Protein chains: 2
Amino acid sequence: MTNKSLSNSQRALNELRAKIFSGELSAGSDHLESELADLLEMSRTPVREAVLTLESQGLLEMRPRKGVRILPLSPDDMNEIYDVLTELESHAAERAAEAGHSTEDLSRLAQAIDDMDAAILKEDLDAWADADDRFHKELVVLGGNSRIEAIVSMMSDQVRRARSTTLFMRPLPTKSNADHRVVYQAIRDGDPELARSTHKMHRQHAKKMLVDLLQKHRLRFL
Amino acid sequence: MTNKSLSNSQRALNELRAKIFSGELSAGSDHLESELADLLEMSRTPVREAVLTLESQGLLEMRPRKGVRILPLSPDDMNEIYDVLTELESHAAERAAEAGHSTEDLSRLAQAIDDMDAAILKEDLDAWADADDRFHKELVVLGGNSRIEAIVSMMSDQVRRARSTTLFMRPLPTKSNADHRVVYQAIRDGDPELARSTHKMHRQHAKKMLVDLLQKHRLRFL
DNA sequence: GCATTTTTTAATGCATACGCAATGAAATGC
DNA sequence: GCATTTCATTGCGTATGCATTAAAAAATGC
């Protein structure tokens, strides 16, 4: 049986996050605390606590008397976020390569890469995105810095909502996995500099692709 | 007139932060919500909100029924934090150098460097630390990424409390300013790679010095 | 004595109530 | 009509009370 006892403020946190990612609470929309409380069928107190946490994670903004606003993402925001991800993930890749991980340790990474290949063959973008998430997440875990894990996870969350839009605008990421394999091998073979530089290029490329895409489609906010 | 109306939860945030930095709430100590509420002369509600925010910033931890625990810093934590600072500040330095700032734009940076020199002459460590903070803060501002600003500020806060201890254990930072000047000049002269690499070395050196110091003094927690 | 159960205690999570202040509407003056 | 003031509304910040339940203390059995 799945744990049924979960505090209301925890539930509020989970459900609000889910509703933000799913778009049920859309970017730029405003919501009164009491409205959210009604929606989640609890009092304002736990909702406020959840909202406060989500605000500190950059997903929304509390504006007294105007309501809670789900933050939209501009191309500038994308640039900022990707720059943070680039730096911290590249560092993680370097550290992971220094750590001398066994092939066993790297199995999740390998699995994610295989899954991406499979997803591309089937042209299943959602499955690809899921595997890509797992790759980046595991890479950071292997880097062994829990703060980097937390920050990267936060930044990834900030772009997560927008991805449902961008994912289907972009070309099939057929080339992307070549980079992943190089990073994987560099980590396995203990080549920190290669792991870092390859991953850095990979992320910089992704950033450019994404921002160009937004520009091309004249999307000023997501 | 300074703004006198400040919500209680804002006041709680400010005052709790101050008390953590000053050591009045010491690392590892536990405090009940009601105890903090009494201390700040307000009800538990705004205290809880402030505590929630501070938790998300990594300064403390809420442990139901055991109280709010001010988080101690281990040498491992220091390593993690300095690695994040190293990566993100170096990136900021690189970006600042790319941005083509005028000498005017860089005046705060120059001022901070001068102040550090003056502080060292007077052997005033508190003044030095203050100027050093300003240098690093301004560097990140010049980098132009608001998320990096926020993250760096958060990480700096996490080590701030510990610095009151380490500051007086370490040798006078007489050499440190040479690095700062190189970074400054690289930014002014538009040499991103030099700005980045110099600052990165600077931070790596600081990390090593600090961690060695803790080891030498057998300080497992701060 | 020591382990186990029962009872007591009290900190928290949350609902609720309410005053204040900000916002928009209505009224007033020009 | 337009600007300004007054008024009404209502969302938020905060205090308060209470049920829950984890932890401590006491009681019981061996």
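What you are looking at is a predicted structure, and each value in this text was computed from that prediction instead of being measured. Labels below follow one simple rule: chain letters A, B, ... track the order of the sequence lines, proteins then strands, and each chain is numbered from 1.
The nearest whole Å value for the distance from the CG atom in A:Leu52 to the C1' atom in D:dT14 is 14 Å. With rounding to whole Å, A:Glu49 atom CD is found 12 Å from C:dT12 atom P. Rounded to whole Å, the distance from CD on B:Glu55 to P on C:dG13 is 10 Å. Atom CZ in B:Arg48 sits roughly 4 Å away from atom P in C:dG13 (whole-Å rounding). Across the protein-nucleic acid pair, B:His31 atom NE2 and C:dT12 atom C1' stand 17 Å apart, rounded to whole Å. Rounded to whole Å, the distance from CG on B:Leu6 to C1' on D:dG13 is 13 Å. Distance, B:Met62 CE to D:dA22 P: 16 Å, rounded to whole Å. Whole-Å rounding puts the B:Asp38 CG to C:dA11 P distance at 11 Å.
Using a 4.0 Å heavy-atom cutoff across all strands shown, A:Glu33 reaches sugar-phosphate atoms only and no base atom.
Taking the centre of each ring, B:His136 and B:His202 come in below the 6.0 Å mark.
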Check against side-chain hydrogen bond (donor to acceptor under 3.5 Å, both in side chains), B:Asn14 and B:Gln10: CA-CA 6 Å; B:Asn14 295 341; B:Gln10 205 61 40; 4.5 Å; no
Candidate pair A:Thr86 and A:Asp83, rule side-chain hydrogen bond (donor to acceptor under 3.5 Å, both in side chains), full reasoning: CA-CA 5 Å; A:Thr86 301; A:Asp83 279 353; 4.9 Å; no
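Between B:Asp133 and B:Lys137 there is no salt bridge, since none of the side-chain N atoms of the basic residue sits less than 4.0 Å from a carboxylate O of the acidic one.
Residues A:Ser56 and B:Gln57 have side chains that never bring a donor and an acceptor to within less than 3.5 angstrom of each other.
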Nucleic acid footprint by protein, nucleotides 15-24 of chain C - heavy-atom cut-off 4.0 Å, B for base, S for sugar-phosphate alone: BB----BB--
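The side chain to side chain donor-acceptor pair (under 3.5 Å) pairs that include a residue from residues 213-222 of chain B number zero, where partners must be two or more places apart or lie in different chains.
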